[in-house]
Amino acid sequence: MFRTFFVAQTKAARYGWPSMYRRMCSANGVSSSTADRQIPASKARYIIGIGFGTVASFGSFVYFHQQRGSLTWNYALEGAIRTITSSQVRVRSFKDNIPRDELFEELKDIILFPQDAECKSWLVSVTGNHMVGKSQLLSQLLNGRKGVLHIHMSNETTPQEEVSSILGIENAGHVALALAEAERRLGHKPILLFDIHERVTDARILDAVSGFAKTFGYDKALAKVVVMASIAATADHITGDGRKIDFFVPEFTRSELDSVEAKRVFEMWYGKPVPDSDVDRIFDLVGGRIGHIKGILSSAKTKGLDEALASMEKVLVRALTRYGKIDESGGFGHDGQYRVAVWLAHQVAHCPFEQCLPEDSIPVQAEEVGKTLRDVRTHPIFFDPRIERYCARSPFVHRHLAAIPFQPHSLREWPPAQPRSLKRLSGA
């Protein structure tokens with residue numbers, strides 16, 4: 001603005017005020033004829049100097065703001081790197097942990113493999129039934145290890161948004177830079193641990209987790225991605241382009257609950273030693289789901305074991321009731337044409353509890369059954385991928401599966417006895 005005013009004033013002096021301009025030139029030894037034709041050299045140098053200074057000042061202004069933006073970005077990037085390198089899973093105590101050494105070593109070889117390992121995957125899916133101890137096993141494995149980002153997923157935000165929120169940077173390219181530098185400082189690849197609880201069912205979110213794992217785990221190889229899913233149906237949705245490793249955490253067996261460590265932990269939860277007969281009663285009701293066992297013993301500490309078991313029995317009966325309505329509400333499959341939920345329950349009930357029902361006995365894929373059970377939020381039956389069979393969640397549930405009544409639209413046998421379409425048999 002100042003430069004514009006100065007140039008305008010100079011031009012006015014040259015063309016609008018000739019007499020004043022000539023007097024100024026005479027005082028400086030310049031003839032009037034020359035003054036009519038040109039601006040004095042001193043004035044020209046002054047004007048040029050002012051123009052050059054203005055340009056230089058503007059350039060400095062732009063440079064300063066560019067540097068300030070760069071410094072701000074570098075500060076944010078450094079903060080993200082420090083967040084990654086300092087993040088870790090901290091467990092204060094493992095007093096209530098029942099060791100599962102074989103599972104621990106197997107999972108350790110999968111997740112914490114050496115950098116030069118021949119067989120490795122950057123995506124590991126850790127799944128299993130609800131309350132079997134997945135979180136406890138992973139916490140024990142990753143306890144104290146730096147570079148572990150624990151990301152809790154929801155139905156509202158994508159994995160990119162969650163990671164960006166934790167690191168304080170929004171651009172995916174900046175996240176990649178932060179992970180690469182974190183690896184250099186740590187000496188090993190960071191671990192992105194996605195915790196997906198049973199209520200996260202939005203297919204778009206699960207697809208985004210799968211895509212995020214592919215990008216940062218495979219394509220760019222910047223991190224090890226571990227997905228911990230509360231139920232198997234969620235893990236099945238995260239394909240990882242077929243390059244993931246599935247690790248199924250089974251329930252505790254009855255023999256595992258007889259170990260010295262298990263008895264010590266039970267005594268800590270219950271407040272006194274738990275007789276084997278009471279352990280049998282608990283196992284009969286909830287099976288080897290250690291989370292439910294802890295809940296029963298903790299509740300029995302104040303209410304008594306009989307009342308605690310009765311409360312859990314009501315929960316299981318409600319779950320069986322919800323399961324019995326699956327055929328009526330649509331059945332299994334994308335369009336609900338497989339209304340064989342009750343039929344499946346009866347088939348599992350007719351097999352020995354430990355033997356379970358082979359997968360090929362039912363016309364529906366295990367993934368479809370798992371998705372339906374997840375959406376209904378009932379799991380009296382689950383698919384065990386280790387033996388590829390459908391099993392009852394506990395002996396109590398196994399005995400009551402056969403009592404589930406057939407619904408009007410339920411298919412009562414498979415394969416169909418009459419040559420009619422499954423759609424007509426299902427009442428669709």
Side-chain angles (χ1 to χ4, degrees), residues 70-90 107-127 134-135 138-139 141-154 157-196 200 204-229 234-235 237-247:
S70 177
L71 289 172
T72 302
W73 180 81
N74 287 333
Y75 178 80
L77 181 62
E78 180 63 25
I81 295 169
R82 292 183 180 182
T83 298
I84 297 172
T85 55
S86 62
S87 296
Q88 55 184 307
V89 176
R90 293 182 179 272
L107 187 60
K108 180 180 178 181
D109 291 340
I110 293 174
I111 295 180
L112 303 182
F113 56 79
Q115 300 283 19
D116 57 349
E118 295 182 359
C119 181
K120 57 187 179 183
S121 174
W122 300 115
L123 173 59
V124 180
S125 172
V126 180
T127 187
K134 300 181 295 295
S135 299
L138 273 172
S139 297
L141 175 63
L142 301 176
N143 183 42
R145 182 182 178 86
K146 294 185 176 181
V148 180
L149 278 182
H150 195 173
I151 305 155
H152 297 271
M153 294 302 301
S154 67
T157 53
T158 65
Q160 177 65 53
E161 292 170 343
E162 289 287 349
V163 172
S164 297
S165 176
I166 295 173
L167 300 183
I169 49 180
E170 298 182 358
N171 188 283
H174 299 170
V175 173
L177 289 174
L179 289 172
E181 177 60 20
E183 178 186 0
R184 188 189 69 80
R185 298 184 188 184
L186 290 168
H188 59 79
K189 290 189 181 299
I191 295 177
L192 302 180
L193 174 58
F194 288 96
D195 194 343
I196 307 177
V200 180
R204 294 170 300 176
I205 299 298
L206 299 178
D207 287 340
V209 173
S210 185
F212 189 93
K214 178 181 181 297
T215 299
F216 290 91
Y218 299 134
D219 299 341
K220 298 181 179 180
L222 293 172
K224 300 175 184 178
V225 181
V226 179
V227 176
M228 181 173 63
T234 299
H237 203 100
I238 301 173
T239 61
D241 277 359
R243 294 178 287 182
K244 70 173 180 176
I245 294 179
D246 289 303
F247 186 86

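Closest heavy-atom contact between Glu183 and Ala221: OE1-O, 4.5 Å. Across every non-hydrogen atom of Thr158 and Met153, the tightest pair is C-CE, 3.9 Å.
Residues Leu192 and Phe212 meet the side-chain proximity criterion, which asks for heavy atoms closer than 4.5 Å. Between His174 and Leu167, every side-chain heavy-atom pair lies at or beyond the 4.5 Å cut-off. Side chains of Ile205 and Ile196 form no contact here, defined as non-hydrogen atoms less than 4.5 Å apart.
When the side-chain contact (heavy atoms from CB on, under 4.5 Å) test is applied to Ala176, the partners found at least two apart in sequence or on another chain are Phe216, Lys220, Leu222. Under the rule for a side-chain contact (heavy atoms from CB on, under 4.5 Å), the partners of Ser154 that lie at least two apart in sequence or sit in another chain are Glu156, Thr157, Glu162. Listed by chain and number, the residues in a salt bridge (charged side-chain N to carboxylate O under 4.0 Å, His left out) with Asp219 are Lys214 (sequence neighbours excluded). Evaluation of the side-chain hydrogen bond (donor to acceptor under 3.5 Å, both in side chains) rule for Glu181 yields Arg184, Arg185 as partners, not counting sequence neighbours. For Thr215, the side-chain hydrogen bond (donor to acceptor under 3.5 Å, both in side chains) test picks out no residue, with sequence neighbours left out. Listed by chain and number, the residues in a side-chain contact (heavy atoms from CB on, under 4.5 Å) with Ala178 are Leu77, Ala80, Ile81, Ile84, Ile169 (sequence neighbours excluded). Looking at residues two or more places apart in sequence or on another chain, you find no salt bridge (charged side-chain N to carboxylate O under 4.0 Å, His left out) involving Glu161. Taking the side-chain contact (heavy atoms from CB on, under 4.5 Å) definition, one finds that Ser139 meets it with Val89, Val91, sequence neighbours left out.
Atom CG of Leu112 sits about 6.0 Å away from atom CG of Leu142, to the nearest 0.5 Å. Summarising the geometry, atom CG belonging to Leu179 is positioned 11.0 Å from atom OG1 belonging to Thr85; distances are rounded to the nearest 0.5 Å. Summarising the geometry, atom NZ belonging to Lys224 is positioned 9.0 Å from atom CD1 belonging to Ile111; distances are rounded to the nearest 0.5 Å.
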Under 3.5 Å, sequence neighbours excluded: what are the donor-acceptor pairs made by side chains of residues 144-152?
| from | atom 1 | to | atom 2 | distance (Å) |
| --- | --- | --- | --- | --- |
| Arg145 | NH2 | His188 | ND1 | 3.3 |
| His150 | NE2 | Asp195 | OD2 | 3.3 |

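Screening residues 164-177 for salt bridge (charged side-chain N to carboxylate O under 4.0 Å, His left out) gives no qualifying pairs among residues at least two apart or on separate chains.
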